[in-house]
Amino acid sequence: DMGGHDTYMHKEISEQPDAVDRVLRGRIDDRFSTVHLGGLNLDAREARTIRRIKILGCGTSYHAGLIGAGLIEELARIPADAEPASEFRYRNPVVDPDTLYIAVSQSGETYDVLAAVQELKRKGARVLGVVNVVGSAIARETDGGVYVHAGPEVCVVSTKCFTNTVTAFALLALHLGRIRDLSVADGKRIIEGLRRLPGQIQEILKQEDEIKKLAKRYADAKSMMFIGRVRGYPVALEASLKLKEISYIHAEAYPASELKHGPLALIEPSLPTVAIIPDDDLLEKNRAALEEIKARSGQILAVAHQEQEKADHTIVVPKNETELDSILMGIPLQIFAYHTALALGRDIDKPRNLAKSVTVE
Ligand code: M6R
């Protein structure tokens with residue numbers, strides 16, 4: 001049942017305010033400015049002994065893991081990184097007893113992720129899951145974890161589950177942070193930011209008509225470049241994947257800082273750039289990248305907290321706490337990819353060559 005929407009993707013994009021509300025519900029503890037994660041299976045003493053966190057997933061879940069790693073480093077000050085599960089399992093990784101491993105999956109059935117979990121468990125590692133489907137294979141194989149409660153996701157491309165997974169990572173990062181060195185005041189600030197998310201997502205959804213116009217403008221591009229820095233870079237990766245999957249337009253994502261190390265050679269009027277520019281301490285650096293693109297007559301669509309003078313168009317996103325900004329910045333680009341694919345007449349819910357869950361190697 002699409003509930004009045006033309007596609008599941010549109011329905012699932014629209015459900016995000018409620019979905020995010022669900023991942024937060026019942027978990028916030030205002031008294032200690034932290035969150036409770038019932039299924040984590042990791043007590044405070046163990047949490048303090050973690051030296052490193054390694055996050056594993058595929059596709060969109062890997063991108064959510066990259067944002068998760070950033071949140072964990074920022075809020076809990078634990079070194080963290082993410083890697084595609086398939087790469088990890090084939091390179092005979094060093095499994096370290098002081099590292100906490102986290103497997104991320106919407107379906108909980110992705111074979112490469114499951115195989116990585118099994119290999120880790122066989123070597124005695126502690127593995128948590130950040131999973132959507134309750135009782136799925138990955139949920140069962142892990143030692144504990146956080147359910148992301150996005151609800152059923154039918155469209156082959158992931159939208160609401162991405163947003164909820166990233167929000168679940170914010171909860172985990174806050175939880176670990178408050179066990180370690182995150183102050184009560186910062187905990188409170190993040191909690192208030194989390195509570196603003198559903199309303200802010202609603203505000204983004206209201207911009208659909210304008211985003212649709214932009215999508216039509218750029219729909220005849222042969223290729224698009226997506227750039228961002230630090231918190232914006234995983235958003236660029238995810239937005240470029242979304243565009244590729246459903247519109248079949250070639251897209252690349254680069255850290256904005258890497259442009260001058262090569263991809264700048266591609267910039268010319270027929271290659272538009274989507275720039276993710278949060279209002280953070282990298283704003284000026286990002287603006288400099290826009291100037292470099294403009295100097296080569298490249299078109300720019302910015303996703304930012306304020307109009308960008310150098311951009312041809314800006315989608316303005318509501319500002320939250322800096323640490324949480326990346327949760328919101330991907331959403332207008334889901335809508336952008338959707339309307340680009342629609343303008344090109346693509347089969348949005350079932351893109352060619354793809355399956356909802358990849359249970360083969
Ligand atoms: O179910 P999972 O989250 O484990 O799936 C992982 C990827 O296959 C998945 O995210 C894929 O990249 C989607 N088509 C993204 O839209």
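As the structure lists them, so they are numbered: ligands from 1, and atoms in each ligand from 1.
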Does only the side chain of K356 get under 4.0 Å from ligand 1, or the backbone, or both, or neither? Count heavy atoms.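 No part of K356 is near ligand 1 at this cut-off.
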For ligand 1, note which part of E245 has a heavy atom under 4.0 Å away: side chain, backbone, both or neither.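 For E245, the contact with ligand 1 is made by the side chain alone.
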Other residues, nucleotides, ligands: >12 heavy atoms within 6.0 Å of [X] [atom1]:
{"X": "K123", "atom1": "NZ", "answer": "yes"}
{"X": "K350", "atom1": "NZ", "answer": "no"}
{"X": "R52", "atom1": "CZ", "answer": "no"}

Report the nearest protein non-hydrogen atom to [atom]: residue, atom name, distance rounded to 0.1 Å.
{"atom": "atom 8 (O) of ligand 1", "answer": "V358 CG2, 4.1 Å"}
{"atom": "atom 15 (C) of ligand 1", "answer": "T60 OG1, 2.9 Å"}
{"atom": "atom 5 (O) of ligand 1", "answer": "T110 OG1, 3.4 Å"}
{"atom": "atom 7 (C) of ligand 1", "answer": "C58 O, 3.6 Å"}

List the steps, then state whether side chain to side chain contact (heavy atoms under 4.5 Å, CB included) holds for T163 with I331. CA-CA 8 Å; T163 303; I331 294 172; 4.0 Å; yes
Within a distance under 4.0 Å of any heavy atom of [X], pick out the atoms of ligand 1 and give their elements.
{"X": "S61", "value": "2 (P), 3 (O), 10 (O)"}
{"X": "S105", "value": "1 (O), 2 (P), 3 (O), 4 (O)"}
{"X": "S107", "value": "1 (O), 2 (P), 4 (O)"}
{"X": "K242", "value": "15 (C), 16 (O)"}
{"X": "V156", "value": "13 (C), 14 (N)"}

Should H305 and V316 count as side-chain neighbours, where that means a heavy-atom distance under 4.5 Å?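 Of all side-chain heavy-atom pairs linking V316 with H305, none is under 4.5 Å.
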Side chain to side chain, I191 and L174, heavy atoms closer than 4.5 Å: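 Side-chain contact under 4.5 Å: yes.
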Compute the shortest N/O to N/O distance between S357 and ligand 1 and return yes if it is under 3.5 Å, no if not.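 No.
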Shortest non-hydrogen contact between K160 and E12, atoms and distance: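 Reported closest heavy-atom pair: CB-O, 3.5 Å.
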Smallest separation among heavy atoms of L24 and L194, with atom names: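 L24 and L194 have their closest heavy atoms at CD1-O, 3.4 Å.
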Between F162 and H63, is the ring centroid distance below 6.0 Å?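 Ring centroids of F162 and H63 are no less than 6.0 Å from each other.
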For ligand 1, is there an atom lying under 4.0 Å from some heavy atom of L354?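 No, that is not the case, since the closest heavy atom of the residue is not under 4.0 Å from the ligand.
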